[in-house]
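Residue numbers begin at 1 in each chain, while the letters A, B, ... track the order of the sequences.
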Amino acid sequence: MVEQNLRPKPKPKPSKLHADVEEKANNNEKHLNKSTLGLCDQIEKLAFRKRYQEALELFEILEIEGGHEITNRTYDALVNACIGSKSIRGVKKVTNYMFNHGFELDQYMSNRVLLMHVKCGMLIDARTLFDEMPHRNLVTWNTMIAGVVDAGDFIEAYRLFLMMWSESCEADSRTFATMIRATAGLGLIYPGKELHSCVVKMGDSDDVYVACSLIDMYSKCGSIEDAQSIFDAMSEKSTVGWNSIIAGYALHGYSEEALSLYYEMQDAGVPMDHFTFSIVVRICARLGSLEHAKQAHAGLVRHGFSLDTVANTALVDLYSKWGRIEDARNVFDRMHNKNIISWNALIAGYGNHGRGEEAVELFEKMLSQRMRPNHVTFLAVLSACSYSGLLDHGWEIFESMSSIHNISPRAMHYACMIELLGREGLLDEALALIRDAPFEPTINMWAALLTACRFHKNLELGRFAAEKLYGMGPEKLSNYVVLLNIYNSMGKLEEAASVIHTLKQKGLRMLPACTWIDIKKQAHAFCSGDDSHEMTKEIYQRLDELLLEISKHGYSPEARYLLPDVDKKEEQMLLYHSEKLAVAFGLISTPDYMPLQLMQSHRICNDCHNALKLIAKVTEREIVVRDASRFHRFKDGDCSCGDYW
DNA sequence: GTAGGGTTAG
C-alpha cells in the first residue's frame, strides 16, 4: 500500500505548469523578500511561521527544479507543513520524494513520517508503515495508538496497547493519557479505573495530561464525583483541566454548577481558550438564560475567539434555540470558516421555528457552495419539511439522499418522512414507507405513524401500529402515552384503562409536569399540584383571571385528552399548569417537562397552543415558550412557528 | 538533541 504511494510518478510536463511555478516562485521570493535564501531554508522558515500552504507550494517548485539536497531539518519542516495544512497531497508528495531520492529514515524521521500520516487521517497507510517498521520505540507506539484513538477505533487501541506491553514492557504518561481517552470513548469505567491505578503506581498521576484525561474519562463514564476529586487533586489546574471539569458538570446536567465553576475559573485568573467558550455557550443554551448567554458571547469576542468555528457554531445553536433566529443568522453570516455542523445548526434552527422554506433554501445554498451534507443535515432539513408540511420538498430531498448524495436514509430519516406524510393525512403512504424500508421498522417509525393516526382519528391503523409497538424493546413510556391519548380522544375508556394497567405493571411512571422560569437570575420551579411557591395564591388568582378572559375569546380546554382516572382537582391542576404559570408572571417560560397530555412527544399540545395564542392577544404581549424541541413565539394571537397539530 | 499526549459545536 505504502509502496504504491511511494512509487515515482511521471514528472509533470515542463511547458505551462513550469512557467506557472516559476511565476509563483518569483512571487514567493518577493513575498519573503529574501531571494538569496535557498529553497530549503525558505521552506523551513515558512513552516516555522505556520505558513504551511506556502511551504508546500515551495516544495513543489523544489521538486521540479531538482538537484536540491534535502536534510532532516527540511523534511521536518515539511512534515509540520503537511500536518498543519492536513494535506494528503502533501503527504504523498513528501513520501514520494523521500522514496525516489533514497532518503534513509532514522528512528526519528520514521516516527515523524508516521505522525504525518496519522495526523492527516491516512490511517491505513500509517498502519502499514507501522507494521513494516524495523524498529519501534515508545514514541512510535504512542503515535500509532493516538492515531487509532483519534480515528475512534478504541478496541484496536487496546489491542495495540497490549501488544506494546508484551513486546517492550514500557509505557509512559503519554501512553496512559491516550489509553484513558480510549476508555472514555468506550464509556467503560472499569478499564479506566485500572489505567488510573497503573498511573498511580507508576507515579505519573501528577502529570497534567493524565489528570485531564482522567477528569474527562470519569465524567464521560458517569462518575462526576471521581472527576471532581481528580480535579481537586491537581496541583496546578490548567485551562484544559478547568474546561474538562466544567464540561463534565454540564454533561451531567449540572448546568448551574458548571456555570459557577466557569466564573470561579475566571476569578482564579486562569486563561480561557476557545474550548472554554464553546463549552460555556452550550451551557447557556441549556440553561435558557439569555443574560448569561450574552455575557458568554461578549467574553468570546473580548478574548479574541470571535473567529472560532466551534464556539460560533455553538452560538448559532444557542440563538436558534432561544428563538432568536435572526441573531443566529447574523453569527452564521459573519463566520469565516463554516463547516457542516455550522450549516446543520442553522438549518435545524429555521426548521424548529416552522420556517421550513428558509431551511430548504439554506440547504440548497449549502449544496451550491459544495458543502457535502451528512445524515444530520438530512435530519434537520427533513424535519423542517415535516414541521412546515413541505411535502414535495420532503420527498425530493429524501429521494436525493441515496440517488445524489450517496447516503442511505436511516430510521430517523424514515421517521421524519412518516411524520410528514402522517401530518398531511397520507396514512397509507406512511405505512407503505414503513413496509418498504430496507431494514426492520423501528419504534420511532411506528410511533410516528401512531401519532398521525391519533390526529386523523384512524383507530384501526392506530391499533395496528400500536400492536407493532408493543413488545418492541426497549419500551418507552412515550409510546404508551401516545396510545393512551388515542384511546382517550376517541372515548375508548376501557382500552385506555388497560394501557394504564400495563403501565403500572411495567413500573413505568409518568413524571409530574414541571416548569421553571428565570426571574432576575433566580429560578422559580412549579410542579404539578405543588403549591409551595410563596406567591402561589397570587399566581392562581392571575391565572383565573386570564382563563376567564381567554374563555371569552373562545378558549375551552380539551378535557378529553386527560386521563380517565384523574379527578376534578387534578384536572384543574393540569389545565393550570406549565406555560400558563409562567405567563401569569408576564415573563418568558422555559418548561422542561410538559403537562401530562404532552408527554407523548414533549411538544406543546393543541390546548396549550390555543391558550397561549389567546393569552398573547389579551395581554398584548409577546410570549416565547420552549418545549422539548422548539420555540414558539406568540404575538398578537399568532404563533410564528406555525400550527403543526 | 530532535519526536508522541488532555478539553469544544449540529
Hey, does Val208(A) reach any base, or is it just sugar-phosphate, or nothing, if we go heavy atoms under 4.0 Å?
base
What is the distance from CG of Leu114(A) to P of dT2(B), rounded to the nearest Å?
20 Å
From the options dA3(B), dG5(B), dT7(B), select the nucleotide whose nearest atom is closest to the side chain of Asn111(A).
dA3(B)
Determine the contact category for Thr377(A): base if any of its heavy atoms lies under 4.0 Å from a base atom, sugar-phosphate if only primed atoms, P, OP1 or OP2 are that close, otherwise nothing.
nothing
Tell me what Thr313(A) touches on the nucleic acid: a base, only sugar-phosphate, or nothing, going by heavy atoms under 4.0 Å.
base
Using a cut-off of 4.0 Å on non-hydrogen atoms, how would the nucleic acid contact of Ile145(A) be classed: base, sugar-phosphate, or nothing?
nothing
In whole angstroms, how far is the P atom of dT8(B) from the CD1 atom of Ile245(A)?
12 Å
Using a heavy-atom cut-off of 4.0 Å across all strands, would you classify Asp76(A) as base, sugar-phosphate, or nothing?
nothing
Separation of Met412(A) CE from His375(A) NE2 (nearest 0.5 Å):
9.5 Å
In whole angstrom, give the distance that lies between atom CH2 of Trp242(A) and atom C1' of dT8(B).
18 Å
Report the nucleotide, chosen from dA3(B), dG4(B), dG5(B), that has the shortest atom-to-atom distance to any side-chain atom of Thr143(A).
dG4(B)
Between the side chains of Asp172(A) and Thr175(A), is a donor N or O closer than 3.5 angstrom to an acceptor N or O?
yes
Does any donor atom in the side chain of Asp317(A) or Ser320(A) lie under 3.5 Å from an acceptor atom in the other side chain?
no
Base, sugar-phosphate alone, or nothing: which one does Lys220(A) contact when heavy atoms must sit under 4.0 Å apart?
sugar-phosphate
